[in-house]
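Down below is the structure, laid out as structure tokens.
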Amino acid sequence: MPYFPDFPPYNPKDARFLGTPPVDLIVFDGLSDADEVEKVVFVEIKTGKAANLSKRERAVRECIKAGRVQYSTIHQSFDEDANRLRDMGGMN
């Protein structure tokens, strides 16, 4: 889909395919041009005349519109002495 002529205004190189509901693509607008993201866009692709969002898709859309979005990093380290992953120290 990102390589179809109607995909603009986004650069296809900025799109990451998820392919499962409730979101088909995430676009990191500007990333491939300047390593700087202007915005992150969640894209759901619909086809046909009855291209309505499902209840779950609408719930995700409303969550995003309300600004209930965050970025988290999970840091996991490996304990070589015990040959196992250490307990996670939390999410940031």
Side-chain angles (χ1 to χ4, degrees):
M1 181 68 184
Y3 292 97
F4 287 156
D6 294 339
F7 191 69
Y10 308 116
N11 184 333
K13 294 177 183 177
D14 293 344
R16 299 299 180 267
F17 180 68
L18 299 177
T20 58
V23 177
D24 288 319
L25 300 167
I26 297 179
V27 177
F28 301 93
D29 193 24
L31 184 65
S32 64
D33 294 331
D35 289 333
E36 189 171 309
V37 179
E38 292 180 31
K39 62 185 168 187
V40 177
V41 183
F42 295 80
V43 179
E44 176 61 23
I45 299 167
K46 294 294 184 186
T47 59
K49 293 181 181 180
N52 298 321
L53 295 178
S54 71
K55 184 177 180 180
R56 293 175 76 196
E57 291 164 347
R58 285 191 307 272
V60 169
R61 179 190 63 191
E62 296 309 312
C63 183
I64 293 165
K65 281 184 172 184
R68 298 187 316 264
V69 180
Q70 68 185 62
Y71 182 91
S72 296
T73 302
I74 299 174
H75 177 69
Q76 182 67 55
S77 59
F78 189 77
D79 183 340
E80 292 188 27
D81 294 331
N83 197 31
R84 64 183 174 97
L85 293 175
R86 293 188 176 123
D87 292 336
M88 288 192 285
M91 296 186 344
N92 303 342

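No experiment lies behind these values; they were computed from the predicted model shown. Just so you know, residue 1 is the first one in the sequence shown, and it goes up from there.
Residues forming a side-chain contact (heavy atoms from CB on, under 4.5 Å) with R56 (at least two apart in sequence, or on another chain): S54.
Placement of V37 and V69 within a single hydrophobic cluster is found when ILVMFWY residues are connected by side-chain heavy-atom separations under 4.5 Å, directly or transitively. The cluster map of Ile, Leu, Val, Met, Phe, Trp and Tyr, joined by side-chain heavy atoms under 4.5 Å apart, puts L31 and F42 in the same cluster.
Within the model, atoms CG of N52 and CZ of R58 stand 8.0 Å from one another, a figure rounded to the nearest 0.5 Å. To the nearest 0.5 angstrom, D14 atom CG is 6.0 Å from D33 atom CG.
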Would you give me the side-chain donor-acceptor pairs under 3.5 Å for residues 16-28, sequence neighbours excluded?
| from | atom 1 | to | atom 2 | distance (Å) |
| --- | --- | --- | --- | --- |
| R16 | NH1 | K13 | O | 2.7 |
| D24 | OD2 | I45 | N | 2.8 |

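Sequence neighbours left out, the pairs with a member in residues 36-45 that pass salt bridge (charged side-chain N to carboxylate O under 4.0 Å, His left out) are E44-K46.
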